Q: 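Pasting a structure below so you can have a look.
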Amino acid sequence: APTPELSKDVKLKEVSGILLQAATADSWSKIQTFEAKPDDLLICTYPKSGTTWIQEIVDMIEQNGDVEKCQRAIIQHRHPFIEWARPPQPSGESPRLLWSTFCLSYICPYSLPLFLYVARNAKDCMVSYYHFQRMSQVLPDPGTWEEYFETFINGKVSWGSWFDHVKGWWKIRDKHQILFIFYEDIKRDPKHEIQKVMQFMGKNLDEAVLDKIVQETSFEKMKENPMTNRSTVPKSVMDQSISPFMRKGTVGDWKNHFTVAQNERFDEIYREKMKGTSIRFSMEL
Ligand code: A3P
């Protein structure tokens with residue numbers, strides 16, 4: 001087995017200006033042959049924006065709040081990740097629930113599926129990604145927080161720039177069947193956002209079921225749930241003794257990481273990079 005030092009000597013590879021994990025980059029041409037079906041539900045997110053959370057919510061809705069059914073497999077298997085499943089997989093019964101970190105331009109120009117995009121404010125996203133890269137053994141070491149600050153704002157992380165990803169999806173949100181929601185809104189009023197997702201999926205669940213879904217998808221529950229907390233992932237891939245996958249699950253943890261100077265600099269860069277977009281994020285609740 002590789003030593004921890006060696007296993008952290010991970011390099012990303014660039015594809016069309018976007019850094020990706022080597023295995024993903026190497027099978028890029030194959031991944032691009034993925035064909036969506038019109039009744040697919042494709043969850044799209046920038047990393048660390050609440051993918052696992054929305055996946056569990058979607059599956060709970062699909063299973064009409066049946067907790068046992070949602071225990072049938074780990075979340076990564078219930079929502080195959082297109083970039084890892086390597087087409088012609090994933091196949092499966094309709095409606096397929098899938099997950100992708102792609103930008104829209106890479107997916108299916110013909111038969112557009114339903115898209116569910118979850119966005120999280122850039123500062124919390126950066127903090128979450130930093131801790132994730134510390135514990136992930138298949139992503140590069142993030143270095144110090146100061147170093148990572150530069151890496152993140154320059155988009156030199158796996159899946160590229162937060163700014164481009166979020167801006168890109170925001171711009172096209174009205175052109176396709178895209179439900180665009182915010183991590184911070186789910187946190188603020190989970191029932192309301194879960195109801196939106198339910199309607200988008202064409203489902204109709206009663207109040208009691210919705211309340212149950214709110215409870216079952218709380219951070220505390222999902223942190224304890226082996227089907228969502230990644231406890232089945234080997235330490236050689238995720239070393240959760242360094243930082244747990246279900247880390248904090250809050251809005252505003254950035255305040256514990258950003259110095260005053262970093263915050264000012266970030267706000268300035270943010271204004272520049274997000275110029276001309278109408279998207280607004282909550283930075284605290
Ligand atoms: P933190 O690192 O800030 O705690 P992804 O699934 O896209 O990788 O995102 C992971 C982030 O979502 C982590 O953020 C994780 O704790 C948070 N998360 C996962 N489940 C959650 C839940 N039920 N409620 C709130 N946050 C959740």
Side-chain angles (χ1 to χ4, degrees), residues 21 42-61 67 70 74-84 97-102 116-136 138-139 142 145 148 152 157-160 162 165-166 169 181-194 197 210-233 237-240 242-258 281-285:
Q21 280 176 261
L42 203 40
I43 292 173
C44 294
T45 47
Y46 185 77
K48 311 319 290 172
S49 300
T51 318
T52 315
W53 194 9
I54 198 69
Q55 285 176 324
E56 189 65 5
I57 289 172
V58 163
D59 198 37
M60 282 290 283
I61 294 172
V67 178
C70 291
I74 54 172
I75 194 76
Q76 305 93 294
H77 291 169
R78 282 180 281 151
H79 296 247
F81 186 32
I82 294 173
E83 289 89 320
W84 284 344
L97 306 176
L98 304 162
W99 166 39
S100 172
T101 318
F102 283 140
L116 178 45
Y117 189 85
V118 185
R120 186 181 195 185
N121 82 67
K123 293 179 190 175
D124 282 331
C125 208
M126 187 201 295
V127 168
S128 183
Y129 213 163
Y130 169 69
H131 290 292
F132 185 65
Q133 281 193 227
R134 286 174 54 231
M135 70 91 146
S136 167
V138 295
L139 287 175
W145 167 249
Y148 194 70
F152 185 91
V157 292
S158 189
W159 307 112
W162 178 97
H165 207 277
V166 170
W169 281 89
I181 60 174
F182 294 88
Y183 179 100
E184 295 77 19
D185 288 344
I186 318 176
K187 198 78 199 173
R188 184 186 295 115
D189 190 349
K191 192 167 173 182
H192 184 257
E193 297 307 301
I194 291 172
V197 176
L210 279 175
D211 287 333
K212 188 170 165 198
I213 296 177
V214 171
Q215 271 174 25
E216 294 296 329
T217 58
S218 71
F219 180 76
E220 291 69 28
K221 278 270 179 152
M222 285 182 59
K223 192 177 169 73
E224 297 309 317
N225 180 352
M227 296 301 149
T228 54
N229 66 13
R230 302 293 202 276
S231 55
T232 56
V233 174
V237 177
M238 284 185 189
D239 187 348
Q240 299 207 43
I242 298 175
S243 178
F245 182 81
M246 293 287 169
R247 196 184 57 90
K248 277 199 178 173
T250 57
V251 178
D253 191 36
W254 62 270
K255 290 180 188 172
N256 301 316
H257 291 75
F258 281 62
F281 284 90
S282 309
M283 303 309 292
E284 58 195 326
L285 291 185

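Computed from a predicted structure; not experimentally measured. Ligands are counted one by one from 1 in listed order, and the atoms in each one are counted from 1 as well.
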Q: What I want to know is whether G249 and ligand 1 share at least one N or O pair that is separated by under 3.5 angstrom.
A: yes

Q: For G50 and ligand 1, does the shortest N/O to N/O distance drop below 3.5 Å?
A: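 The answer is yes, given that G50 and ligand 1 share an N or O pair closer than 3.5 Å.
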
Q: Identify, for atom 6 (O) of ligand 1, the protein heavy atom at the shortest distance, and state residue, atom and that distance.
A: T52 OG1, 2.6 Å

Q: Among protein heavy atoms, which sits nearest to atom 7 (O) of ligand 1, and what does the distance come to when rounded to 0.1 Å?
A: T51 OG1, 2.5 Å

Q: May I ask whether R120 places a heavy atom under 4.0 Å from ligand 1?
A: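 It does, in that a heavy atom of R120 comes within the 4.0 Å cut-off of ligand 1.
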
Q: Considering non-hydrogen atoms of the protein only, which is the closest contact for atom 19 (C) of ligand 1, and what is the distance?
A: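 Answer for atom 19 (C) of ligand 1: M246 SD, 3.4 Å.
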
Q: So which heavy atom in the protein is nearest atom 2 (O) of ligand 1, and how far is it from that ligand atom?
A: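 Result for atom 2 (O) of ligand 1: S128 OG, 2.7 Å.
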
Q: Which is it for K248 and N256 under the side-chain contact (heavy atoms from CB on, under 4.5 Å) test, yes or no, and what are the steps along the way?
A: CA-CA 12 Å; K248 277 199 178 173; N256 301 316; 3.6 Å; yes

Q: Heavy-atom contact under 4.0 Å between D124 and ligand 1?
A: no

Q: May I ask whether H131 has any heavy atom positioned less than 4.0 angstrom from an atom of ligand 1?
A: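 Not so, H131 does not reach ligand 1.
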
Q: Does F245 come within less than 4.0 Å of ligand 1, judged by its heavy atoms?
A: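 Within the 4.0 Å threshold, so yes.
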
Q: Would you say S49 has any N or O atom under 3.5 Å from an N or O of ligand 1, going by distance alone?
A: yes

Q: Ring centroids only, cut at 6.0 angstrom: are W162 and F281 within range, meaning strictly under it?
A: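 When the ring centroids of W162 and F281 are compared, they turn out to be within the sub-6.0 Å range.
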
Q: What protein heavy atom is closest to atom 23 (N) of ligand 1, reported as residue, atom name and distance in Å?
A: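 Heavy-atom neighbour on the protein nearest atom 23 (N) of ligand 1: T217 O, 2.9 Å.
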
Q: Answer with yes or no after comparing the ring centroid distance for Y183 and W53 against a 6.0 Å cut-off, counting only values under it.
A: yes

Q: Are H257 and W145 an aromatic pair by the rule of ring centers under 6.0 Å?
A: yes

Q: Among all protein non-hydrogen atoms, which one is nearest to atom 17 (C) of ligand 1, and what is the separation to 0.1 Å?
A: Y183 OH, 3.9 Å

Q: Are any of the side-chain nitrogens in E193 or R188 under 4.0 Å away from the carboxylate oxygens of its partner?
A: no

Q: Examine K48 against ligand 1 and note whether any of their N/O atoms are separated by less than 3.5 Å.
A: yes

